[in-house]
There are 2 protein chains.
Amino acid sequence: MSAELYNNQERHLVAVDCIIFGYEDGELKLLLFHRGIVPAKGEWSLLGGWVNTDETIEDAAERVLMQTTGLKDIYLEQVHVFSEPERDPGGRVISIAFNALVDIKKHNKELVREHGAHWWGISELPKLIFDHDQMVSKALEKLRQKASYEIIGDRLLPEYFTISDLRTLYNAIFQTEFDPGNFRKKMLTLDALKKTNRKDTSGSKKGAFYYKFKTDSKINMGKKIKIV
Amino acid sequence: MSAELYNNQERHLVAVDCIIFGYEDGELKLLLFHRGIVPAKGEWSLLGGWVNTDETIEDAAERVLMQTTGLKDIYLEQVHVFSEPERDPGGRVISIAFNALVDIKKHNKELVREHGAHWWGISELPKLIFDHDQMVSKALEKLRQKASYEIIGDRLLPEYFTISDLRTLYNAIFQTEFDPGNFRKKMLTLDALKKTNRKDTSGSKKGAFYYKFKTDSKINMGKKIKIV
DNA sequence: ACAAAAGTGTTTCGGCTACACCCATGC
DNA sequence: GCATGGGTGTAGCCGAAACACTTTTGT
């Protein structure tokens, strides 16, 4: 069993591209980068990086995110593999798209600025290079699906937040307006949130209680996948 | 813009592994292979193949399936990328797992026999090489999710089938017993099936009408992804 | 006649929806 | 007091689940 067993086979460049979601000012946002290398230098793109021999693709995505945003322990999820031979005019690159959910408040703004990055509202994205538009579209689809089955705020919101914050996040994700009363009831029946006794008075005169996620997160939405 | 732009980067072997689902005798089955090359020669594995430079990973999966089973136009869906550096003792191979749904009746049995393949019931699989067990587990999860949102029989069942056939397939997929009456009603409300006037009398004295899928398949199960 | 699967009907239950309606407070 | 968002209550609707019941026909 040597490493040369498969030597007759073609080898490929493998990359990861990260769709970095954040949430700020009631809007779902994506972190995009001015591409620093040819081809398409200077255009907007997702955060990408090469996969090395001694790491998994998840490791690679984590490393690239750490180097660029200073964040660690980021939620990552595979989205889709893009492998059109001509997708990157610079050469044949197989790229795995990853969803990354980050708390905008926490990332290292210096690092990000250095890398020529900018947060864009989900509904006003610029044209992206290559097939990155497709990646974003798949990523959003996946994010919505995920958000349908579990509360995903724990990665996008700060530690303490109000139910209204959570609702506004969901409004942004699904581009709709959820009924405040029904939304609250649904979220509370899931038994994933812990009420604190502090209030946020910035949003209303009455003030809204802060909640936080229970430690055993990963609560599902009760919508069991089930047919018939 | 030359093909040598990215020449400093490490290149990797990229493979596809196909989880080939079929349905026969009321059981969900997987097509497994006696591996023909070292390492792990002779052990059971999924159908795998290398990705070439001039093709997408989907092309590669299609090609491998065609060469091995003689089938074309097979339903394929990406499942997950497996990239542990040590997952294959023969070398660092990044593998993309694909779900393939085939009509067992249609494949080229000669070709398959030549390749030392065998259909295994989903509940009595042998130990598989490498991380192929994990692949199967992810594949099943994905299949169930898919089956929850759309009727998937059109790839696994013959052209004409009874509602009972469809129910038995679903029973096999979800390892449960759906209520015959409720199942029938649910499937018919989806408006995806077309009744014929021929009957299958093999299953009962009364006989059951054959149905076929409406041409515009891809009907979803009415379970809209929706929260609140 | 009877067994056995096909197919229909009925009742109950729980969750979602669409509201109406209090509550607390800053102005 | 009144406007504003926070928070609670409730009636109606709809689909899932459970299960009784009717139909058909080979034996």
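So you know, we letter chains A, B, ... as the sequences are listed, proteins then strands, and number each from 1. All values reported here derive from a predicted model rather than from experimental measurement.
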For K186(B) and dG15(D), is the shortest distance between a side-chain N/O and OP1 or OP2 below 4.0 Å? no
In short, the helix from dA1(C)-dT27(D) to dC27(C)-dG1(D) is bent end to end, axes from five pairs each side, to 10°, by 20°
Return the value, rounded to whole Å, for the distance between atom CE of M187(A) and atom P of dC16(C). 10 Å
Using every non-hydrogen atom in the two residues, find where K146(B) and L101(B) come nearest and quote the distance to one decimal. CE-CD1, 4.5 Å
Tabulate below the donor-acceptor pairs under 3.5 Å that side-chain atoms of residues 21-31 of chain A make, not counting sequence neighbours, or state none.
| residue | atom | partner | partner atom | Å |
| --- | --- | --- | --- | --- |
| Y23(A) | OH | L169(A) | N | 3.3 |
| E24(A) | OE1 | K29(A) | NZ | 3.3 |

Considering residues, nucleotides and ligands other than K106(B), do more than 12 of their heavy atoms fall under 6.0 Å from its NZ? no
In a table with atom names and distances, give each donor-acceptor pair under 3.5 Å that connects a side chain of residues 65-74 of chain B to protein atoms at least two apart or in another chain.
| residue | atom | partner | partner atom | Å |
| --- | --- | --- | --- | --- |
| T68(B) | OG1 | V64(B) | O | 2.6 |
| T69(B) | OG1 | L65(B) | O | 2.7 |
| T69(B) | OG1 | L71(B) | N | 3.2 |

So I173(A) and I152(A), do their side chains get closer than 4.5 Å, heavy atoms only? yes
Given atom CG of D165(B) and atom P of dA5(C), what is their separation to the nearest angstrom? 14 Å
Quick tally for nucleotides 4-14 of chain D: nucleotides whose base has a protein heavy atom under 4.0 Å get B, sugar-phosphate-only ones S, the rest -, giving BBBSBBB----
Got a sec, which residues hit ring pair (Phe, Tyr, Trp, His ring centres under 6.0 Å) with W120(B), two or more places apart in sequence or on another chain? W44(B), H118(B)
Taken to the nearest whole Å, OH/Y210(B) to P/dA6(C) is 12 Å
Between atom CD in E177(B) and atom P in dA5(C), what is the gap in whole Å? 12 Å
In whole angstrom, give the distance that lies between atom CG of N197(B) and atom C1' of dG7(C). 17 Å
Does NZ belonging to K194(A) count more than 12 external heavy atoms closer than 6.0 Å? no
For F178(A) and dC16(C), give me the distance from atom CZ to atom C1', rounded to whole Å. 12 Å
Without placing hydrogens or testing angles, list every side-chain donor-acceptor pair under 3.5 Å for residues 157-166 of chain B, not counting sequence neighbours.
| residue | atom | partner | partner atom | Å |
| --- | --- | --- | --- | --- |
| E159(B) | OE2 | K212(B) | NZ | 3.4 |
| T162(B) | OG1 | S164(B) | N | 3.4 |
| T162(B) | OG1 | D165(B) | N | 3.0 |
| T162(B) | OG1 | D165(B) | OD1 | 3.4 |
| T162(B) | OG1 | D165(B) | OD2 | 3.2 |
| S164(B) | OG | R167(B) | NH2 | 3.4 |
| D165(B) | OD2 | T162(B) | N | 3.0 |

